[in-house]
Asker: 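Submitted below is the structure of interest, expressed as structure tokens.
Worth knowing before you read on, the calculation uses all heavy atoms, side chains too, and leaves out hydrogens, waters and symmetry mates. One-based numbering along the sequence shown.
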Amino acid sequence: MNGLIQGVKGLLSFLSAPLIGALSDVWGRKPFLLGTVFFTCFPIPLMRISPWWYFAMISMSGVFSVTFSVIFAYVADVTQEHERSTAYGWVSATFAASLVSSPAIGAYLSASYGDSLVVLVATVVALLDICFILLAVPESLPEKMRPLSWGAQISWKQADPFASLKKVGKDSTVLLICITVFLSYLPEAGQYSSFFLYLRQVIGFGSVKIAAFIAMVGILSIVAQTVFLTILMRSLGNKNTVLLGLGFQMFQLAWYGFGSQAWMMWAAGTVAAMSSITFPAVSALVSRNAESDQQGVAQGIITGIRGLCNGLGPALYGFIFYMFHVELTELELELNSNNAALQGAVIPGPPFLFGACIVLMSFLVALFIPEYSKGSGIQKHSNSISGSLTNTPERGSDEDIEPLLQDSSIWELSSFEEPGNQCTEL
């Protein structure tokens, strides 16, 4: 059931993330931030009303569960380029902070007062979040970059969710970044879906140890994404920070694969915390290569690929566990005979070792990502704007050869002001 839900949700977010990001480049960030948060949290109360409706709605919520792409585009709007990687680190760190606090709070409330209170508290927090966005979060996209009203017409070509994906193969830089994200996040998504059951069933962790493990990794991730990320970005640069994060992820997965003792899992967890710098570093790399009017669509592509991995990763790990006869369906603490024997095996966790090999491929791909050149980006952007002003009818042919990230031809707002007349082309 979990694999089916995540598969449907991941596929829908893969299709919708670039579109929502691109629309936020046109209509503004706040409406889509509000919409994505609302639909992400909407299924929560259904857990007590109807489990099957909850399963159905959480699957369909994948269409709007792309908050990260809108948030990172928002951050790009309100920060300078040299501040962006630090800001992305803080955003990811607050997400890690929620992973530290919410399981502990939920477990305490469930044990003391029952599951109904957990659902109620989660629903109230979601409503407070929505009210906060409505009342306290300002629009970040400058008015001059948006249409004059929400009534501005959007053609099917502009609303085509595959339009931005078609651009991926035509820009070598964004193609390499997308492949890197896919190969690195695929094993990570599979790990999230099965790792805590693996700790319980194969390594022998109890509920208290699992909660402590989540807290430790979460706290160390916050430190890594706020302190170490800033230092590494300044000393090593954006690309090398991504490579270092992939190296930590590779080492962590290999350790999980070969580890058979509890202390090995704790040690590998510290390495996993350091690997959390990869996603904010990649987001900063994408943002630096994207023009100001393309931040939404650029971050949407990355979020969409992560959504696809959320669908494929659990299925991949589940299949490998099945192939190696690792049983993770039991919820009792006691180890069965097959899983107890795995602790003495050479490779107790085959999927994690397989994931390390996939991350190695991601590392090799990332080596070919070119260093960012600010000058070339500005030059390309200037050429595309001047071309649209002087030769607008022929822009359709130019669009086939323009790269995605350093060109604003997908969502470009060009205004021609004449006495008594204003023509706006979207």
Side-chain angles (χ1 to χ4, degrees), residues 9 13 16-17 19-49 54 57-58 60-80 83-109 113 116-143 145-146 150 214-215 218-219 221-222 225-226 276 279-280 283-284 287 295-296 299-300 302-303 306-307:
K9 186 176 180 179
S13 64
S16 66
L19 172 61
I20 291 177
L23 291 177
S24 75
D25 287 335
V26 179
W27 286 336
R29 315 292 185 205
K30 185 173 180 177
F32 291 96
L33 182 60
L34 184 65
T36 55
V37 170
F38 174 80
F39 284 103
T40 299
C41 300
F42 174 73
I44 292 176
L46 296 177
M47 294 178 70
R48 301 305 298 173
I49 298 173
Y54 170 75
M57 289 298 102
I58 201 170
M60 299 306 296
S61 71
V63 175
F64 293 98
S65 296
V66 290
T67 313
F68 264 107
S69 63
V70 182
I71 289 177
F72 280 177
Y74 190 107
V75 171
D77 294 338
V78 299
T79 57
Q80 299 296 322
E83 303 171 329
R84 227 162 265 171
S85 59
T86 302
Y88 288 155
W90 278 103
V91 170
S92 299
T94 55
F95 180 71
S98 71
L99 292 182
V100 173
S101 57
S102 59
I105 296 172
Y108 171 76
L109 293 177
Y113 304 101
S116 297
L117 183 62
V118 178
V119 177
L120 177 61
V121 171
T123 303
V124 171
V125 171
L127 291 175
L128 290 175
D129 190 13
I130 293 172
C131 292
F132 177 79
I133 296 173
L134 279 172
L135 301 176
V137 178
E139 175 57 60
S140 65
L141 198 64
E143 184 68 31
M145 297 181 64
R146 288 178 276 154
W150 274 77
I214 294 174
I219 293 172
S221 297
I222 294 172
Q225 295 173 29
T226 54
S276 65
F279 181 53
S283 298
S287 178
Q295 293 293 331
Q299 298 295 344
I302 301 302
T303 302
R306 284 168 60 90

Asker: Which class fits the ring pair Y88 and F72: parallel under 30°, tilted 30 to 60°, perpendicular over 60°?
Answerer: tilted
Asker: Just by distance, do the side chain of S92 and the backbone of G89 share a donor-acceptor pair under 3.5 Å?
Answerer: no
Asker: Can you sort out the partners of Y54 under ring pair (Phe, Tyr, Trp, His ring centres under 6.0 Å), two or more places apart, ordered by chain and number?
Answerer: none
Asker: Quick check for you: to the nearest 0.5 Å, what is the distance between T123 atom OG1 and M47 atom CE?
Answerer: 9.5 Å
Asker: Measure the spacing between CG of L33 and CD1 of I20 and express it to the nearest 0.5 Å.
Answerer: 11.5 Å
Asker: Going from CZ on R84 to CG on D77, what distance comes out if it is rounded to the nearest 0.5 angstrom?
Answerer: 8.0 Å
Asker: Less than 4.5 Å apart, any side-chain heavy atom of Y74 and any of V137?
Answerer: yes
Asker: Evaluate the criterion side-chain contact (heavy atoms from CB on, under 4.5 Å) for residue pair I302 and F279; output intermediate values, then yes/no.
Answerer: CA-CA 10 Å; I302 301 302; F279 181 53; 4.0 Å; yes
Asker: What distance do D129 atom CG and L34 atom CG have between them, rounded to the nearest 0.5 Å?
Answerer: 9.5 Å
Asker: Compare every heavy atom of K30 with every heavy atom of E139, then report the nearest pair and how far apart it is.
Answerer: OE1-N, 3.0 Å
Asker: How close do V119 and P45 get, counting heavy atoms only, and between which atoms?
Answerer: CG1-CA, 3.9 Å
Asker: Run the side chain to side chain contact (heavy atoms under 4.5 Å, CB included) test against A93 and tell me which residues pass, sequence neighbours left out.
Answerer: I222, Q225, T226
Asker: How long is the gap from CG on L46 to CD1 on I58, to the nearest 0.5 Å?
Answerer: 9.5 Å
Asker: Give, for atom OG1 of T67 and atom CZ of F39, the distance between the pair rounded to the nearest 0.5 Å.
Answerer: 11.5 Å
